[in-house]
Asks: 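Have a look at this one before I ask anything.
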2 protein chains.
Amino acid sequence: MGATEPQWVLMATGRSPTNIAVIKYWGKRDEALILPVNDSISVTLDPDHLSATTTVAASPSFPSDRMWLNGKEIALSGGRFQSCLREIRKRARDVEDEKKGIKIKKEDWEKLHVHIASYNNFPTAAGLASSAAGLACLVFTLGKLMNVNEDYGELSSIARQGSGSACRSIYGGFVKWCMGKNDDGSDSMAVQLVDESHWDDLVIIIAVVSSKQKETSSTSGMRDTVETSPLLQYRAQTVVPSRILKMEDAIKNRDFESFARLTCADSNQFHAVCLDTSPPIFYMNDTSHRIISLVEKWNHSEGTPQVYSVPV
Amino acid sequence: MGATEPQWVLMATGRSPTNIAVIKYWGKRDEALILPVNDSISVTLDPDHLSATTTVAASPSFPSDRMWLNGKEIALSGGRFQSCLREIRKRARDVEDEKKGIKIKKEDWEKLHVHIASYNNFPTAAGLASSAAGLACLVFTLGKLMNVNEDYGELSSIARQGSGSACRSIYGGFVKWCMGKNDDGSDSMAVQLVDESHWDDLVIIIAVVSSKQKETSSTSGMRDTVETSPLLQYRAQTVVPSRILKMEDAIKNRDFESFARLTCADSNQFHAVCLDTSPPIFYMNDTSHRIISLVEKWNHSEGTPQVYSVPV
């Protein structure tokens with residue numbers, strides 16, 4: 001490869017669904033490595049419904065790494081994108097495309113720049129885990145482009161460094177993000193609990209009560225909660241561990257009643273620690289309240305949960 | 001006194017202000033005696049602004065105890081009114097009104113029935129402690145009618161059995177409700193920390209964001225929280241005790257910054273445990289959120305709290 005070679009472009013495209021936590025991730029114990037204060041569990045949505053689609057391209061003609069989100073260029077300078085790029089580049093392998101006459105050696109990837117274009121088919125930064133889908137997709141697609149050979153656990157750990165909950169979007173079905181114990185984050189990764197066929201009559205309805213961007217980003221919100229909420233550590237250390245065990249059982253047994261109760265309780269507790277933050281963080285509005293009250297009344301009149309509501 | 005005597009009516013009127021908690025009472029450890037899970041501190045408002053005015057009348061012509069709230073008759077059968085009536089009747093003493101020719105002996109009060117008329121000069125059951133003002137006023141005015149000689153601490157303990165936070169409306173200024181330790185509630189009463197002259201340049205602004213009756217009463221709401229919130233006991237046992245000490249200092253020193261920060265944090269934590277309840281309790285709406293955000297922005301731009309907002 002050299003300046004005299006033809007100016008080829010190599011591309012790869014991938015699609016990753018968003019995921020909705022049923023036991024919530026809120027609070028980091030390490031900001032740089034994105035290590036959480038508790039385990040979390042999520043359900044990955046159907047990529048036809050809520051997903052990010054990302055195309056990555058590498059070419060010797062690109063003078064720098066650049067990224068476009070929903071058609072608008074955004075800064076790639078943030079540590080999160082850089083972490084993912086660095087970790088994938090480290091694992092890049094030889095790529096050969098005989099038809100196009102492209103031959104990239106492992107070590108060439110350090111010098112090749114990429115262009116990234118990502119689209120969400122749903123509102124961005126409105127509480128629908130757009131960064132989870134986006135960063136999972138970025139890692140997955142970069143991995144494809146650079147021919148990396150890592151297993152999904154390893155990819156989830158890389159995606160985690162882009163956006164914590166992105167690690168869970170690497171898998172379909174129900175996914176657990178194990179917080180891990182190591183300081184270097186090497187054991188903080190996602191595992192699939194069951195795949196998407198396990199509970200395929202479970203229907204998820206997303207009601208977008210506002211498509212405006214959240215006033216407080218998850219990143220700064222959870223930082224404020226860790227610093228100021230007296231309830232967060234109690235939640236993380238005492239409440240969540242037992243809920244994780246119960247939730248795993250509920251999922252394995254397709255026990256909708258337990259699943260629904262735990263999901264609602266944990267979602268509400270996540271909003272509770274947001275409120276317990278100084279200044280308080282509000283992710284619900286009057287419409288969210290009305291939906292929850294409606295669902296509560298319906299379930300109460302039926303005696304058992306027919307549906308559950310999880311403000312996200 | 002007997003059936004042949006003239007059908008006299010003896011009356012007394014009193015007025016009690018409402019109080020706004022700055023360290024919140026939420027959760028009972030004994031439902032019947034109304035014993036709380038934590039100490040609380042409040043500021044009593046000016047009775048000219050938010051208060052209950054109650055007139056109690058006794059007459060041998062009344063066949064039963066009756067009560068009117070804001071002009072509408074309400075059932076007196078609830079245990080709370082009965083507790084207050086019983087406790088005051090127990091302590092009633094001889095009353096003589098020579099002009100009217102009325103002579104009531106201590107033991108006559110057991111047979112005499114009362115009529116109670118109470119008015120609030122503000123929205124009832126909308127989160128403005130109408131029952132605190134109302135029950136404090138009832139106890140105070142009944143005590144006046146029946147010539148009881150108890151000190152304010154004792155009266156506060158009786159008012160507590162009508163509505164927990166009513167015990168704090170017996171005093172002006174800043175008031176602490178000591179939760180007490182005894183099973184019979186004998187040490188669960190209010191004490192005045194400082195009187196209303198201590199911090200008389202403190203201005204309290206009440207913004208009524210909705211005058212509709214709350215969807216969940218405090219009584220049933222706090223019962224649900226005690227039964228279902230995993231965070232409440234941690235708040236009561238670990239968070240509140242240190243806040244009480246800091247708040248007492250802030251009040252004594254008229255330290256507005258500490259006072260404001262603690263008040264906001266505790267109000268938000270009260271709303272947090274409401275949210276952590278199953279089903280969740282919402283006492284704030286979008287207007288409350290907007291007021292809090294506005295106040296936060298103002299304080300942030302000034303660098304120190306100019307004003308604090310406490311959704312009640």
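Letters A, B, ... are given to chains in the order of the sequence lines, protein chains preceding strands, and every chain is numbered from 1.
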Asks: A:V273, A:V239, A:L231: which one forms the most heavy-atom pairs within less than 4.5 Å of chain B?
Replies: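 Heavy-atom pairs under 4.5 Å are most numerous for A:L231.
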Asks: If you draw a 6.0 Å radius around CG in A:D183, do more than 12 non-hydrogen atoms from other residues or ligands fall strictly inside?
Replies: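 No, because the 6.0 Å sphere around CG of A:D183 holds 12 heavy atoms or fewer from other groups.
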Asks: Got B:P230 and A:R235 here, is their nearest side-chain heavy-atom distance under 4.5 Å?
Replies: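 Contact flag for B:P230/A:R235 side chains = no.
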Asks: If we only count heavy atoms from C-beta on, is the B:I292 to A:P279 side-chain gap below 4.5 Å?
Replies: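 Counting from C-beta outward, B:I292 and A:P279 never come under 4.5 Å.
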Asks: Working note: B:F282 + A:S293, criterion side-chain contact (heavy atoms from CB on, under 4.5 Å); need CA distance, chi angles, decisive distance, verdict.
Replies: CA-CA 10 Å; B:F282 309 114; A:S293 297; 4.2 Å; yes
Asks: How far apart are the C-alpha atoms of A:T238 and B:Y234, what are their side-chain angles, what is the distance that settles it, and do they pass the side-chain contact (heavy atoms from CB on, under 4.5 Å) test?
Replies: CA-CA 10 Å; A:T238 308; B:Y234 181 78; over 6 Å; no
Asks: What residue, out of B:N285, B:T228, B:D266, has the most heavy-atom pairs lying under 4.5 Å from chain A?
Replies: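 The residue among B:N285, B:T228, B:D266 with the greatest pair count is B:N285.
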Asks: So for B:R290, is it side chain, backbone, both, or neither that comes closer than 4.5 Å to the heavy atoms of chain A?
Replies: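 Answer is neither: B:R290 stays 4.5 Å or more from chain A.
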Asks: Is a side-chain N or O of B:D286 found less than 3.5 angstrom from the main chain of A:D286, in a donor-acceptor match?
Replies: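 Looks like yes, one N/O pair under 3.5 Å.
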Asks: Evaluate whether atom NE2 of A:H198 has more than 12 neighbouring non-hydrogen atoms of other residues, nucleotides or ligands under 6.0 angstrom away.
Replies: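 Buried by this count: over 12 neighbours within 6.0 Å.
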Asks: Would one find more than 12 heavy atoms of other residues, nucleotides or ligands at under 6.0 Å from atom CD of A:E257?
Replies: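 Above 12, so yes.
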Asks: Taking atom CD as the centre, does A:E215 end up with more than 12 heavy-atom neighbours from other residues, nucleotides or ligands that are less than 6.0 angstrom away?
Replies: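 Not buried by this count: 12 neighbours or fewer within 6.0 Å.
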Asks: Can you see which heavy atom on B:N268 is nearest to which on A:T277, and at what distance?
Replies: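 In terms of heavy atoms, the two residues are closest at ND2-O, 4.4 Å.
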Asks: Decide yes or no on side-chain contact (heavy atoms from CB on, under 4.5 Å) for A:Q269 and B:L275, but give the supporting numbers first.
Replies: CA-CA 7 Å; A:Q269 189 168 92; B:L275 252 188; over 6 Å; no
Asks: List the atom of B:H289, the atom of A:M284, and the distance in Å for their closest heavy-atom pair.
Replies: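 So the minimum-distance heavy-atom pair works out to CE1-O, 3.4 Å.
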Asks: So does A:A272 get a backbone contact from the side chain of B:D276, meaning a donor-acceptor N/O pair under 3.5 Å?
Replies: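 Checking the backbone N and O of A:A272 against the side chain of B:D276, no donor-acceptor pair under 3.5 Å is found.
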Asks: Counting heavy atoms not belonging to B:D200, are there more than 12 under 6.0 Å from its CG?
Replies: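 Atom CG in B:D200 is crowded, with more than 12 foreign heavy atoms closer than 6.0 Å.
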